[in-house]
Amino acid sequence: MIVTLKDGSKKEYDQPMSVYDIAKDLSEGLARVACAGEINGKAVDLRTVVEDDAEVSILTFDDPKGKDAFHHTSSHVLAQAVKRLYPEAKCAIGPWIEDGFYYDFDMPPLGREDLDEIEKEMKKIIKENHPIRRFTLPREEAIAFMKEKEEPYKVELIEDLPEDAVISFYEEGDFTDLCAGPHLMSTKPIKAFKLISSSGAYWRGNEKNKMLTRIYGTSFTKKADLEERLEYLENIKKRDHNKLGREMGIFTTVDVIGQGLPLLMPKGAAIIQTLQRWIEDEEEKRGYMRTKTPLMAKKDLYVISDHWGHYKEGMFILGDEEKDDSEVFALRPMTCPFQYYVYKSSQKSYRDLPCRYGETSTLFRNEDSGEMHGLTRVRQFTISEGHLICTPEQIAEEFKGCVDLAKYCMTTLGLQDDVTYRLSLWDPNNQEKYLGDAAQWDVVQDSMRSILNDIGLDYTEVEGEAAFYGPKLDIQAKNVYGKEDTMITIQLDMFLSERFDMTYIDKDGEKKRPYIIHRTSMGCYERTLAWLIEKYEGMFPTWLCPEQVRVLPISEKYADYAEKVLAELKANGIKATMDNRSEKIGYKIREARMDRLPYMLVVGAKEEEEGKVSVRSRFLGDEGQKPLGEFIDAICKEIRTKEIRKIEVKEEKK
């Protein structure tokens, strides 16, 4: 047989060879660091035998799929350690994830001390250097095998597989786990690892199922790489909006109010207000008309839109359908049906289109409790929502205008380099989830591809992520932990205008159905605020800061001049405060720096005498004395132009 290697070279063997043996034949050193193999593009165990001509790659920890196998084996070592220490624990799932692994167990919650004990046991297992053996069983034998081991979650997983499935297992020492693989040859290569944290997780991600205990970990071939990773995790914890936002007094949550219902503190409310005014003004410049619609509606509205049929579980229902169906209401999960009736309030002609409606909409969605996190996934949120009603001929230009607005918003906020673009398509294997038929979806999806290609947008395609009424362009970003969220979405809808009997009079005098674009300009304000906190580590661009300047009198003697400076700043629309406490100036400066302020103005005898201020900024540190008017002109320009100044000093001299 002929084996074609990754570099294109070929090796000929006169007998079947395992991937490991091929690696060993190439280099003893390569065999020692190999984690897995790849045969004709599919990741496999090193123990997999190659019997026919094939393309074969040897995967090390430096290869993503090799790293996955390494992490996956680490999760099995974790499970083995847990079963040794907690024999009554039941194993659920233990996959690799980006930069690590986790394993879910049916067991009581764990603390840091418990994780430390599990780590010690994992070290023993690795030192024992157990060979890892793969074997398979027919489905019924596999079920019986796991029932005998009293692992109900594994039994459930196997029972979901086809009747004729052959089930694979991996055995290492006294532990055997259901798994598709691939895995390392033994536990020995896992030189450095750390259990990061423990949390709750619903079985199969469904809050109706039992809450399990999830243990997160990471592992490497070298201790130095582990230390680097742990240092990185410590650094991103400092940027986590859920931690930093609370420390800065931007938002908080209260148990008696409810999960997913954050309270925006004055600082957070000020940032949102600035964003909202900016977005609304920008949309008005681009021809949007503002609407203000109710926060709830009768069930009847959502039946027409078919949200009742496709989205009811995600809505908050008010009333009892069984007692009085006519008095059943729901809090709105989106604004589109309301704005359609604004459109329908009068007959439109083609001359009235495009009709661009914008609204700062408060929405409500019944998110699973296990999915909610800080400001990124909540049950009540506010969104820069809009709907554009167009003729078919207008749809391409209007869609491009929506993309342009989204790009403008991201660029102004300094977030444009942090996103990816995803074309979210329907799932042709689950057509009952959507309005319309395959032919209609093909037309609208091809139209979106054509528009995106014409723009020159670099995007990926994902099936099954479309809205039930149409495909969408999702603008994605990752938080500090690498979890991806949709920040902005632009959707093309060719179905709801018919359900709502929306029409316009065309040039020929005939009634026609319009097309609709659903879009956000900046997305959800709460999620964007979380994004900004993490992006800037709380040091927002000056125009967004809830406090832009703090005036610091050196002593009480200069309080009157400080008050005059403060009044002049406020008269120019600058968000300023004064620290007139009888504290030393060094203390005041340090505290202002801890509050992540862009500017401090220190005033004393010399400043008062000359009508100046001593400027300290987080950008340049001590900027020296400046006439007050000069400083005001500069900061007003910075705010007006929404400039994002670079921080050129990390720490001021004390």
Side-chain angles (χ1 to χ4, degrees), residues 18-21 23-24 28-37 45-47 58-63 66-89 91 93-97 99-105 107 110-135 149 151 169-179 181-198 213-231 233:
S18 71
V19 176
Y20 178 77
D21 287 334
K24 199 171 181 181
E28 291 281 353
L30 178 62
R32 280 195 298 272
V33 298
C35 295
D45 279 328
L46 290 169
R47 55 187 71 75
I58 311 301
L59 305 176
T60 69
F61 191 81
D62 293 329
D63 298 293
K67 188 176 293 184
D68 294 344
F70 190 94
H71 287 151
H72 204 166
T73 303
S74 303
S75 77
H76 279 221
V77 173
L78 164 60
Q80 185 176 4
V82 168
K83 291 294 285 186
R84 283 187 179 183
L85 296 174
Y86 305 91
E88 299 303 312
C91 295
I93 58 171
W96 54 266
I97 54 177
D99 296 316
F101 57 90
Y102 71 78
Y103 210 114
D104 290 346
F105 302 94
M107 64 185 300
L110 300 172
R112 184 65 249 178
E113 291 182 0
D114 301 313
L115 297 183
D116 292 341
E117 288 301 311
I118 296 171
E119 281 183 3
K120 290 178 184 177
E121 194 63 36
M122 289 176 69
K123 288 177 182 176
K124 291 180 185 177
I125 292 168
I126 292 167
K127 192 174 181 180
E128 290 165 7
N129 189 21
H130 296 289
I132 298 175
R133 183 177 73 91
R134 181 181 186 273
F135 65 92
K149 287 186 170 293
E151 294 288 0
F169 296 86
Y170 284 82
E171 177 187 80
E172 55 186 57
D174 55 3
F175 177 73
T176 302
D177 202 357
L178 169 73
C179 190
H183 283 278
L184 303 177
M185 299 289 282
S186 76
T187 59
K188 185 179 180 181
I190 305 172
K191 303 293 185 184
F193 69 92
K194 183 70 179 176
L195 299 184
I196 304 298
S197 63
S198 176
T213 294
R214 175 170 294 178
I215 302 174
Y216 286 97
T218 189
S219 57
F220 294 86
T221 57
K222 300 173 185 176
K223 186 178 180 181
D225 292 339
L226 173 64
E227 290 174 349
E228 183 179 337
R229 176 65 181 170
L230 295 178
E231 182 179 354
L233 291 175

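These figures come from a predicted structure and were not determined experimentally.
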Is it true that [X] and [Y] have a side-chain N and a carboxylate O under 4.0 angstrom from each other?
{"X": "Asp174", "Y": "Lys83", "value": "no"}
{"X": "Glu117", "Y": "Arg84", "value": "no"}
{"X": "Asp225", "Y": "Arg229", "value": "no"}

#### Entry: Exceeds 12 heavy-atom contacts within 6.0 angstrom, atom CD of Glu128
yes

### For Ala36 against Ala69, the heavy-atom pair lying closest together
CB-CB, 3.9 Å

### Message
Restricting to non-hydrogen atoms, name the atom on Lys222 and the atom on Ala192 that form the minimum distance, rounded to 0.1 Å.
### Response
O-CB, 3.7 Å

Strictly distance-based, threshold 3.5 Å: is any side-chain N or O of [X] a donor or acceptor partner for the main-chain N or O of [Y]?
{"X": "Glu172", "Y": "His130", "answer": "no"}
{"X": "Arg112", "Y": "Ser197", "answer": "no"}
{"X": "His71", "Y": "Ser219", "answer": "yes"}

If you measure from [atom1] on [X] to [atom2] on [Y], what distance do you get to the nearest 0.5 Å?
{"X": "Ser74", "Y": "Phe193", "atom1": "OG", "atom2": "CZ", "result": "8.5 Å"}
{"X": "Leu46", "Y": "Ile58", "atom1": "CG", "atom2": "CD1", "result": "7.0 Å"}
{"X": "Asp116", "Y": "Leu110", "atom1": "CG", "atom2": "CG", "result": "11.0 Å"}
{"X": "Leu115", "Y": "Lys194", "atom1": "CG", "atom2": "NZ", "result": "8.5 Å"}
{"X": "Glu119", "Y": "Leu78", "atom1": "CD", "atom2": "CG", "result": "10.0 Å"}
{"X": "Glu113", "Y": "Ile118", "atom1": "CD", "atom2": "CD1", "result": "12.0 Å"}

### Task
Before giving the answer on side chain to side chain contact (heavy atoms under 4.5 Å, CB included), spell out for Lys191 and Leu226 the whole-Å C-alpha distance, their side-chain angles and the decisive distance to 0.1 Å.
CA-CA 9 Å; Lys191 303 293 185 184; Leu226 173 64; over 6 Å; no

Could you tell me whether the side chain of [Y] reaches within less than 4.5 Å of the side chain of [X], counting heavy atoms only?
{"X": "Ser186", "Y": "Asn129", "answer": "yes"}
{"X": "Thr221", "Y": "Thr60", "answer": "no"}
{"X": "Ile132", "Y": "Asp45", "answer": "no"}
{"X": "Asp68", "Y": "Asp63", "answer": "no"}
{"X": "Tyr170", "Y": "Cys179", "answer": "yes"}
{"X": "Leu195", "Y": "Met122", "answer": "yes"}
{"X": "Ser198", "Y": "Tyr216", "answer": "no"}

### Message
For His72 and His183, take the angle between the two ring planes, folded into 0 to 90°, and tell me which bin it lands in: parallel under 30, tilted 30 to 60, perpendicular over 60.
### Response
tilted

### Task
On the 0 to 90° scale, with breaks at 30° and 60°, tag the Phe169-Phe135 ring pair as parallel, tilted or perpendicular.
parallel

### Message
Before you tell me yes or no, could you show the steps for Thr218 and Asp99 under side-chain hydrogen bond (donor to acceptor under 3.5 Å, both in side chains), namely the whole-Å CA-CA distance, both residues' side-chain angles and the distance that decides it to 0.1 Å?
### Response
CA-CA 6 Å; Thr218 189; Asp99 296 316; over 6 Å; no

### Query
Below 6.0 angstrom between ring centroids: does that apply to Phe105 and Tyr103?
yes

### Message
Test side chain to side chain contact (heavy atoms under 4.5 Å, CB included) on Lys124 and Glu121; report intermediate values, then the result.
### Response
CA-CA 5 Å; Lys124 291 180 185 177; Glu121 194 63 36; 3.8 Å; yes

### Task
Let me see the working for Trp96 and Thr73 under side chain to side chain contact (heavy atoms under 4.5 Å, CB included), right down to the final yes or no.
CA-CA 8 Å; Trp96 54 266; Thr73 303; over 6 Å; no

